[in-house]
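Remember, it's 1-based here, ligands and their atoms both numbered in the order they're listed. Starting from 1, each residue takes its place in the sequence as its number.
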Amino acid sequence: MINSTNSHTILTGDRPTGPLHLGHYVGSLRQRVTLQDRYPQYVLIADLQGLTDNGSNPQKISQNIFEVMADYLAVGIDPAKTTICLQSALPALAELTMLYMNIVTVARVERNPTVKAEIAQKGFSRSLPTGFLVYPISQAADITAFKADRVPVGDDQLPMLEQTNEIVHKMNSLLPNPVLVPCQAMLSSVSRLPGIDGNAKMSKSLGNTLTLSASEDDISKAVHAMYTDPNHLRVSDPGQVEGNVVFTYLDAFHPDQAQVAALKEHYQRGGLGDRQCKQELEACLQALLSPIRERRQQFSADKAALMDILQAGTEKAHEVTQQTLSEVKRGLGLPVMF
Ligand code: TRP
């Protein structure tokens, strides 16, 4: 099916801090469903990373592991093709993090723009948990432990991959033979979905998400509250599509892009009301999410089956990640005892 020159190993992950939303869907989940037919793919439930800013609220993380599992299966991630695994059950990831921490300066972690923005947004100041500051190092451990060379993520994750590659080069330079593999992002065509409030990013902590489990009513309310063009007062007025969340979503989700182009043209010319655009968007989101919601309900009703899938995937991931850890340790001259 694939020859060795164009084969890739895919890894991506999610913090289980809540059910996944449309931003995850267009930024990464949708791509994973396609990629699993072409490449070996691992999907990591990053519970340790979730704990880095929920240290005092571990239940929030543990409860959401199975929510995220149900989301994965509901969108079509197939455990027969994709290895789904749990970060906290993979000791090699924590050990690699410890080894990498010694080759990354504090100044470097403080410079990571995504982490900087998160620190400001969460208002940590002096209460910043140490683990949070270094989570990009642990993410580098996630990616390199699987020797993943392709990572399907949104553009907010680019600084993580840049930092990962610095670690790859630095660590490889310390080893007699290179062990770690550099990685590249696979950005989706919509690498950042705005929130339903028009904020630049859909994010749980900003409270502007539409989750994959949203009810019909949630979807309808969210669409009807959406920001459009504030200067488009009468239906006959010409409207603006740039920065108009309804059109951004139509671009991201509508299956017929020719129809979206026609709607845009009509809107810009004047004569197309916001209400009609919203009806079109609502219909397309209802059609997308209704089967996902149904499948999700079925999957989350059977926790034991979810656990079996996670267990099997994590066992497979354990082997792969221990192997990389052993190679790194050997290269560093550390005795490998197990
Ligand atoms: N940082 C990612 C997020 O917040 C989650 C994540 C953890 C991840 N480990 C990863 C993503 C490894 C890609 C690869 O969404």
Trainee: List for me each residue that meets side chain to side chain donor-acceptor pair (under 3.5 Å) alongside Glu67, sequence neighbours excluded, and say none if there are none.
Mentor: Arg296
Trainee: Run the ring-ring contact (aromatic ring centres under 6.0 Å, His included) test against His232 and tell me which residues pass, sequence neighbours left out.
Mentor: Tyr267
Trainee: Please check if the number of heavy atoms outside Gln121 that lie under 6.0 Å from its CD is greater than 12.
Mentor: yes
Trainee: Would you mind writing out a table of all protein N or O atoms found under 3.5 Å from any N or O atom of ligand 1, naming both atoms and giving the distance to 0.1 Å?
Mentor:
residue	atom	partner	partner atom	Å
ligand 1	1 (N)	Gln49	OE1	2.8
ligand 1	1 (N)	Gln139	OE1	2.8
ligand 1	1 (N)	Gln157	OE1	3.0
ligand 1	4 (O)	Arg15	NE	3.2
ligand 1	9 (N)	Asp142	OD2	2.8

Trainee: List the atom of Cys85, the atom of Phe146, and the distance in Å for their closest heavy-atom pair.
Mentor: SG-CZ, 3.9 Å
Trainee: Which residues pass the salt bridge (charged side-chain N to carboxylate O under 4.0 Å, His left out) test with Lys201, sequence neighbours left out?
Mentor: Asp156
Trainee: Regarding Tyr100 and Thr144, do their side chains bring together a donor and an acceptor under 3.5 Å, going by distance alone?
Mentor: yes
